[in-house]
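Single-structure report; data block below.
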Amino acid sequence: MAMPGAELLCIAIGLFLYACAVRDAGLVRRLRREGIRTEGVVVANIADHQARNPKGNPKGNPKGNPKGNPKGNRNPIPKPIIRFHDHQGYKVEFTTAIQGVGLGLATGRRVDVMYLPGESRKARVWMRRHIVGPTAGLALTGTIFLGFGLVVAFN
């Protein structure tokens, strides 16, 4: 038996994720219309250690990881840092909107960057997988939550 209100929670999360996907698609549309295109350089790839607890010790190992990885994650996801100069000459650094397998960028690689005038922190790497990926991921996850909520509600 399902927990009371679980279906409403799943449906609400699904609708929220759909709203985030629509917002992201709106940003991409604004970038296509009003965006300034420039070239950026991947200056670093920082490992994103996700398996870290609040005390800083790896989960399940209170004395630290003897194998040399202090944060406890064996497969960190690389997070590329891209640097470019905006139309006012300021250096801007940002990370990609989506990370994962097949979405990494090699350090030193030159990439096309689009940003909005006056909002250079909302820059995006102008590659199809970095433009479509966040919206598609949010929409897919929203569909899963919404579908699960509807299945629970009507059973």
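All figures in this text were calculated on a predicted structure; none of them were measured in a lab.
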Margin query: Measuring from atom CZ of Arg23 to atom CG of Leu138, what distance do you get when rounded to the nearest 0.5 angstrom?
Written below: 10.5 Å

Note to self: Return the OG1 to CG distance between Thr141 and Leu146, rounded to the nearest 0.5 Å.
What the structure shows: 12.5 Å

Check: Heavy atoms, side chains only, cut-off 4.5 Å: are Val111 and Trp126 in contact?
Finding: no

Margin query: Ile81 and side chain to side chain contact (heavy atoms under 4.5 Å, CB included): which single residue from Ile46, Thr96, Asn45 fits?
Written below: Ile46

Check: Looking at CG of Leu27 and CG of Leu116, how far apart are the two atoms once the value is rounded to the nearest 0.5 Å?
Finding: 6.0 Å

Next item on the list: Go through the steps to decide whether Tyr115 and Phe94 satisfy the test side chain to side chain contact (heavy atoms under 4.5 Å, CB included), and finish with yes or no.
Entry: CA-CA 11 Å; Tyr115 67 95; Phe94 71 100; over 6 Å; no

Margin query: Checking the side chain of Arg109 only, and the main-chain atoms of Val43 only, is there a donor and an acceptor separated by less than 3.5 Å?
Written below: no

Item checked: Close side-chain approach of Phe145 and Leu15, heavy atoms under 4.5 Å -> no

Next item on the list: Indicate if Ile11 and Phe148 have the same hydrophobic cluster label, given that clusters are the connected sets of ILVMFWY residues with side-chain heavy-atom separations under 4.5 angstrom.
Entry: no

Margin query: To the nearest 0.5 Å, what is the distance between CD1 on Ile36 and NE2 on His87?
Written below: 5.0 Å

Next item on the list: Kindly indicate whether the side chain of Leu105, heavy atoms from C-beta on, has any atom under 4.5 Å from the side chain of Met127.
Entry: yes

Margin query: Is there a path of hydrophobic side-chain contacts, each under 4.5 Å between heavy atoms, that joins Val113 and Leu31?
Written below: no

Notebook entry, point to check: Atom CD of Glu7 and atom CG of Asn155: how far apart are they, to the nearest 0.5 Å?
Noted result: 10.5 Å

Check: What's the shortest heavy-atom distance between Ala21 and Ala139, and which atoms?
Finding: CB-N, 4.0 Å

Check: Are any non-hydrogen side-chain atoms of His130 and Arg124 less than 4.5 angstrom apart?
Finding: no

Check: Can you find a heavy atom in the side chain of His85 that is under 4.5 Å from one in the side chain of Thr38?
Finding: no

Checklist line | Check: Ile131 and Arg32 side chains under 4.5 Å, non-hydrogen atoms | finding: yes

Check: To the nearest 0.5 Å, what is the distance between CD (Glu39) and CG (Asp112)?
Finding: 6.5 Å

